[in-house]
Amino acid sequence: MAKHAEKAESTTNPELKFGGVWKYDPAPESTDHVVIAPRHELFVGGQWVKPKSGEYFATIDPATERPLSEVALALDKDVDAAVKAAQKAFPAWRARSGEDRARYLFRIARMLLERAREFAVLETLDNGKPIKETRDTDVPLAAQHFFYHAGWADKLELLFPGERPEPLGVVGQVIPWNFPLLMAAWKVAPALAAGNTVVLKPAETSPLTALRLCELFQQAGLPPGVVNVVTGDGRTGQALVRHPGLAKVAFTGSTEVGKEIQKAVAGRGVELTLELGGKAAHLVFEDAALDQAVEGVVRGIFFNQGHVCCAGSRLLVQESVHDLFVDKLRRRMQRIRVGNPLDKNTDMGAIHSRPQLERIRELVAAGVDEGASLHQAQCELPAKGFWYAPTMLTGVAMSHRVAREEIFGPVLSVLTFRTPEEAVEKANNTSYGLSAGIWTDKGARILWLAERMRAGVVWHNTFNRFDAASPFGGFQESGFGREGGRQGLRAYVRLQGGLLPG
Ligand code: NAD
């Protein structure tokens, strides 16, 4: 298996038992539950099919290390069958009216909301993130993406006036583990709205919600082959992006794999969008509403255990308020509740996998070695599972690894600046360029900074706010292309030029 082998364990271990009924809420009065099948097959041509590889792998709950289910491993022949199913479905799907395609997307969105609780629990179990976030962010936002793109499906000509937007064909989509359901929705909804067909490859350590989404596709009556889901590790992803039947590849994941994919599709005339890593600067000026800024910074780095590509992981504080702000942050961090992700009062859940936990530990140790001071919230962490306390490193210099490399965990690196010019220079001193945040009371300063910061998204006096209508994407090593809004749909159409008849 690939790098997350310790979450996706081999099923040859006879001790592993899968599935069962999971309690939704540890509160004794709750009777809600979600049933997880002990085995999940591939979703190809509208059917559940066994993998030609004959192999399965386990997905586990990172909060307890308990196996949840075994999942089919798709290799070359399975991926080929999925692409062929999508090719077969394409002519009829593209020929449908936009209104007709919209009807399916609306139906999927509504069904997702009707089963919101089940999806939230499943996502929390498979990923480790708190139920508060899956319930209030992941599931509603995923549904919003289907609603939003349903709204555009019959209005694409209005979106691209004077042009004739045509679908591209079969789209191969590869997604990461940090927002499994949301990333699936970000990818699938615009592709279908524009008339493409899809082969989706979820991350090997969090495939369950994408697979459950297939139940909704079936119940919504989506024609067979319009969406196919192949599960597996990097080999599955490689087989998909190299397949000659694709018209486009859309990838969200690490910069390292993004570069490999760029090479794999080069010279083939395949459209490509890459949503990769980040190391966002989060700027706090002395005139900011500091207590609100503390909340924004906490949300910026500790939301989703910091497993967020656009996390505000580099805090730049104006020198005059550094000590005061750090003190406020330290006290606030102490109040973050870390623990059982299914408890509705939990703020921070489990780290997604053991390799991810090891990477966080390694980078924090490097930060301390290089001279940073370590501040960790004092909290009791569960004995089983993968856990890390909310952490802040102060006295960080631009040359430190913790200021340059993506940690992808609940670790904030704190630096200082004196002037707005220095703040911009430090913020832009990165190989990434996905997001940034600004806290100041001065509107003119926000505009001045936003013009100069090289980041795809710049939030001011807030952080980590998402909307389907708002384009999201990066510069430099954070990738290219946008998801969401008009720009997101643009990536799924070929503009033919010329007005539509009639
Ligand atoms: P990853 O790159 O290891 O894996 C992402 C996906 O690619 C997985 O499904 C994996 O199986 C697949 N894959 C692995 N090797 C492949 C290959 N050679 N060819 C094709 N597919 C392959 O990333 P991850 O560890 O799952 O996710 C974390 C990374 O994702 C972080 O760097 C994070 O910043 C980034 N991310 C970016 C965004 C964004 O919108 N920019 C959003 C979420 C996560």
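Remember, it's 1-based here, ligands and their atoms both numbered in the order they're listed.
With distances taken over non-hydrogen atoms, the option nearest atom 1 (P) of ligand 1 out of Ser254, Pro180, Ser206, Ala203 is Ser254. For atom 22 (C) of ligand 1, the nearest non-hydrogen atom from the set Val257, Leu182, Val241 belongs to Val257. In the candidate list Gly474, Gly253, Ser478, Gly479, Gly253 is nearest to atom 35 (C) of ligand 1, counting heavy atoms. Relative to atom 6 (C) of ligand 1, the option among Ile175, Asn178, Thr255, Thr205 with the closest non-hydrogen atom is Ile175.
Aromatic ring centroids of Phe179 and Trp186 lie 6.0 Å or more apart.
Arg401 meets the side-chain hydrogen bond (donor to acceptor under 3.5 Å, both in side chains) test with Glu362, Glu405; sequence neighbours excluded. A search for salt bridge (charged side-chain N to carboxylate O under 4.0 Å, His left out) contacts involving Lys84 returns Asp80, not counting sequence neighbours.
Near Gly237, meaning under 4.0 Å from one of its heavy atoms, ligand 1 places the atoms 19 (N), 20 (C), 21 (N). For ligand 1, the atoms closer than 4.0 angstrom to any heavy atom of Gly277 are 32 (O), 34 (O). Listed by number with element, the atoms of ligand 1 under 4.0 Å from a non-hydrogen atom of Cys309 are 33 (C), 34 (O), 36 (N), 37 (C), 38 (C), 39 (C), 40 (O), 41 (N), 42 (C), 43 (C), 44 (C).
Around NZ of Lys88, the count of heavy atoms belonging to other residues, nucleotides or ligands within 6.0 Å does not exceed 12.
Within the 4.5 Å cutoff, side-chain heavy atoms of Arg212 are placed close to those of Val34. Between Lys201 and Val230 there is a side-chain heavy-atom pair separated by less than 4.5 Å.
Of the heavy atoms in Glu260, only side-chain atoms (C-beta onward) come closer than 4.0 Å to ligand 1. At a heavy-atom distance under 4.0 Å, no atom of Glu256 approaches ligand 1. For Glu406, every heavy-atom contact with ligand 1 shorter than 4.0 Å involves the side chain, none the backbone. Of the heavy atoms in Leu240, none comes closer than 4.0 Å to ligand 1. By the criterion of a heavy-atom distance under 4.0 Å, neither the backbone nor the side chain of Thr236 is placed next to ligand 1. For Pro202, every heavy-atom contact with ligand 1 shorter than 4.0 Å involves the backbone, none the side chain.
The N/O atoms of Glu204, backbone and side chain alike, include one that comes under 3.5 Å of an N/O atom in ligand 1. Looking at Val174 next to ligand 1, no N or O pair under 3.5 Å apart turns up.
Proximity of a side-chain donor or acceptor of His400 to a complementary backbone N or O of Ala397 within less than 3.5 Å is detected. Of the possible polar contacts, none joining the Asp138 side chain to the Ala120 backbone as a donor-acceptor pair under 3.5 Å is found.
Ligand 1 has no atom lying under 4.0 Å from any heavy atom of Cys310. Using 4.0 Å as the threshold, Phe251 has a heavy atom nearer than that to some atom of ligand 1.
Taking the six-membered ring for Trp and thresholds of 30 and 60 degrees, Tyr148 and Trp152 have ring planes more than 60 degrees apart, a perpendicular arrangement. The aromatic rings of Phe217 and Phe43 sit tilted relative to each other, their planes meeting at an angle between 30° and 60°.
A cation-pi arrangement, defined by a distance under 6.0 Å to the six-membered ring centre and an angle within 45 degrees of its axis, is absent between Arg359 and Phe408.
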